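Computed over heavy atoms, backbone and side chain alike; hydrogens, waters and symmetry mates excluded. From a predicted model like this one, the values you see are computed outputs, not experimental measurements.
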Amino acid sequence: MLTMMAASIHHLCIMRRAGFLKHFFGFKYCSSKRASTKSAAAKRESSITKDQYENIERKPFYKLLEERKEQAERSVLVSCPSNTSEKRFLKHMSRHGDINNCFFYESFGTYAVVEFSKRDGVLSVFESASIPNFPHEAAVPFKSRLLSLKTNNSGDLASSQPSVKVLSQTAIPIDELVRRLSKKDSIDQQLLLLTNILQLTDENIRLRFLVCSLLRDIAASYFPECVVRPFGSSVNGFGKLGCDLDMFLDLDGISGISQEKTGSSYSLEYQLKRTSTERVATQSILSVIGECVDQFGPGCVGIQKILNARCPLVRFSHQPSGFQCDLTANNRVAMKSSELLYLYGQLDERVRALVFSVRCWARVQGVTSNIPGAWLTNFTLTMLVVFFLQKRSPPLIPTLDHLQALAGPKDKSIIDGNDCTFVSDLTKVKLQENSDSLEHLLLEFFEFYGNFDFSKLSINIRKGKEQGKPEAAPLHIQNPFQPALNVSKNVNGTQLQRFVSLCQESAWLAQQPEVQSRSDTPWGLAALLAPLDAVGKGKKSKRRRAEAPSARIKGLLESLRTGKASANGGSTS
């Protein structure tokens, strides 16, 4: 019976993971073939068979990004009147070329993303578009792929019945999430559903790459060979709908002619402006690009040039997409971190499900915040989950040192003197057999960090083991690619203790019969996504939680583990 249940859970995980792969890898999608009766949410929760999943090609990270970038370069973003007819709009846009993909969304109005099958479609749009005339204002004549749809016959547009299907680009409210989770039959299903609901959609990923491409068009005025690349949550597989768009201006591709000997006694090289340090050069570049975005970037508002930060950046809001954007320059280490997390998420479907659930729990409980400060960040939480999964017996995912050992010559990467090498080919990574359910992993996560000795130990995902703390910071998590840095340096003792206490409370709560058993009230994961003081009914249960100090809960957890060990003949997982 247990074997059948494990197989069923594993099959469900495969189907859910395949659904993510399908939209993240950008399978070809034609608007003319879209099923009008199928909602966006239903499409995201659709599943495929195990055989189909095994036939999905797991592409290397950078190949996937290049394909997404190429899609964006064939796309335009169009502001449309609210009563636009989708049928007529597509007919009009198809005059410029075959359309691979088209979808509508709302952000300060209604917008459409149109992807042509060839770049000639974008060129045709440019040839037909006109510069608007503002009778009492002057406009900067900067042509971009952000356009507005106008009608030459107001009566024709007004008489049409709007038929645009607007896709959501934001996460659902927490109360709606709890309601939907409570309808599931198991906690494993709840964790998988939460991931499917909160993760970035295919359309949202396309829009993020398109915004990067639009910004690149501006930066190319100064650096024609530059590329603007998304990193972080937008590409690592752990992005939540509504998350910020982190980008970096990649200038590494700009180089002179090959230095190979030609036999000639002469050679030419570019004359360049010199600066004292690379940081000063980065600050100068971002300052100029930030000013250019401010003056010439349509839809870009609230530009802030934060150039004295450890990592200089330009921050702004892109109103047409609704994204809060951060632009840095040559942030290659951040891109390697994105690739590493992407790889971990693809190795085992449980990694993403656990990260999404823990991060959602942390936001509800106030462990994380949108406001910068002494709180744990989503990246810190993700590192904690990765380390926890490396510590399982057997481990769910390998250490970074193991991934480095599997790397080939093409994977070699040295950045600022730091070895950032690890394997990029997913097929080379062989995992050990671990059949832990998501329910078990979630409970063990809370128990693990509810009893972790943060006062003495540092976390190292490169080696997958605890180490002595090299500094006095309350929480020390070694940056996997810059060992001298602590990725959680901002976290103070108060916030760390809050996290530990909430882990203890959640571990205790998750084992209560009323939480473990399916009911009409929030149960399982859904019960943990409410402030702990408000969970449960009846004065007795509330008083019991209010009177439960950390020491008593630690004792309870210890007795539970002791009882479990006795039942299993002295072994613990």
Side-chain angles (χ1 to χ4, degrees), residues 170-182 190-191 194-195 197-198 232-233 238-244 324 353-385 387-388 442-443 445-452 454-455 459 473-477 487-510 512 515 521-537 541-554 557:
T170 57
I172 65 175
I174 188 65
D175 55 345
E176 172 64 14
L177 176 62
V178 167
R179 186 187 66 81
R180 293 178 61 178
L181 294 179
S182 298
Q190 289 181 340
L191 270 75
L194 180 142
T195 303
I197 290 175
L198 296 185
S233 295
F238 297 95
K240 172 189 172 186
L241 281 172
C243 67
D244 293 349
Q324 294 294 317
L354 193 60
V355 168
F356 270 94
S357 300
V358 168
R359 282 169 35 164
C360 185
W361 165 85
R363 178 52 57 89
V364 169
Q365 302 301 339
V367 173
T368 58
S369 173
N370 286 326
I371 304 172
W375 297 275
L376 276 73
T377 64
N378 279 332
F379 182 71
T380 294
L381 282 173
T382 305
M383 290 291 99
L384 290 174
V385 173
F387 181 72
F388 163 72
L442 183 63
L443 173 60
F445 173 86
F446 291 135
E447 292 191 0
F448 183 81
Y449 287 114
N451 291 278
F452 192 86
F454 288 106
S455 63
I459 289 173
L475 176 61
H476 189 278
I477 302 176
V487 303
S488 54
K489 193 176 183 65
N490 66 299
V491 181
N492 65 21
T494 301
Q495 293 302 321
L496 176 60
Q497 184 55 48
R498 174 173 170 76
F499 168 71
V500 172
S501 297
L502 285 167
C503 283
Q504 294 169 352
E505 293 273 353
S506 296
W508 175 79
L509 180 63
Q512 302 312 301
V515 172
T521 59
W523 70 282
L525 175 62
L528 300 179
L529 298 184
L532 291 180
D533 291 339
V535 177
K537 296 182 179 180
S541 60
K542 289 182 180 179
R543 184 168 61 252
R544 184 180 179 186
R545 276 187 295 278
E547 296 172 353
S550 297
R552 187 179 71 78
I553 295 175
K554 278 189 176 182
L557 295 177

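Side-chain rings of W361 and F446 approach one another, their centers coming within less than 6.0 Å.
Side chains of R363 and N370 form a contact here, defined as non-hydrogen atoms less than 4.5 Å apart. With a 4.5 Å cut-off on side-chain heavy atoms, F499 and V491 do not count as touching. Considering only heavy atoms from C-beta on, L376 comes within 4.5 Å of L384 through its side chain. Counting heavy atoms from C-beta on, the side chains of C360 and L194 come closer than 4.5 Å. Looking at L442 and V358, their side chains come closer than 4.5 Å, going by heavy atoms from C-beta outward.
What you find for A526 and L181 is that their closest heavy atoms are CB-CB, 4.0 Å. Here the closest heavy-atom approach between residue F387 and residue I459 is recorded as CG-CG2, 3.4 Å. Nearest heavy-atom pair, V385 versus L354, reported as atom, atom and distance to 0.1 Å: CG1-CD2, 3.8 Å. Across all their heavy atoms, L525 and S357 have their closest contact at CD2-OG, 3.9 Å. Heavy-atom minimum distance, A527 versus V515: CB-CG1, 4.0 Å. Across all their heavy atoms, W375 and S369 have their closest contact at CD2-CB, 3.9 Å.
Checking side-chain atoms of Q365 against main-chain N and O of L528 turns up a donor-acceptor pair under 3.5 Å. Without hydrogens or angle criteria, Q190 side chain to W523 main chain gives a donor-acceptor distance under 3.5 Å. No donor-acceptor pair under 3.5 Å is formed between the side chain of N492 and the backbone N or O of P474.
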Query - side-chain contact (heavy atoms from CB on, under 4.5 Å) assessment of R359 paired with L198 - result: CA-CA 11 Å; R359 282 169 35 164; L198 296 185; over 6 Å; no
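Ring geometry for Y449 versus F452: interplanar angle of 30 to 60°, hence tilted.
One finds the CD1 atom of I477 at 8.0 Å from the OG1 atom of T377 (value rounded to the nearest 0.5 Å). Taking CG of L381 as the start and CZ of F356 as the end, the distance is 13.0 Å to the nearest 0.5 Å. To the nearest 0.5 angstrom, Q497 atom CD is 10.0 Å from L502 atom CG. How far OG1 of T380 is from NZ of K489: 13.0 Å, rounded to the nearest 0.5 Å.
Side chain to side chain, E505 and S501 fail the donor-acceptor criterion of an N or O pair below 3.5 Å.
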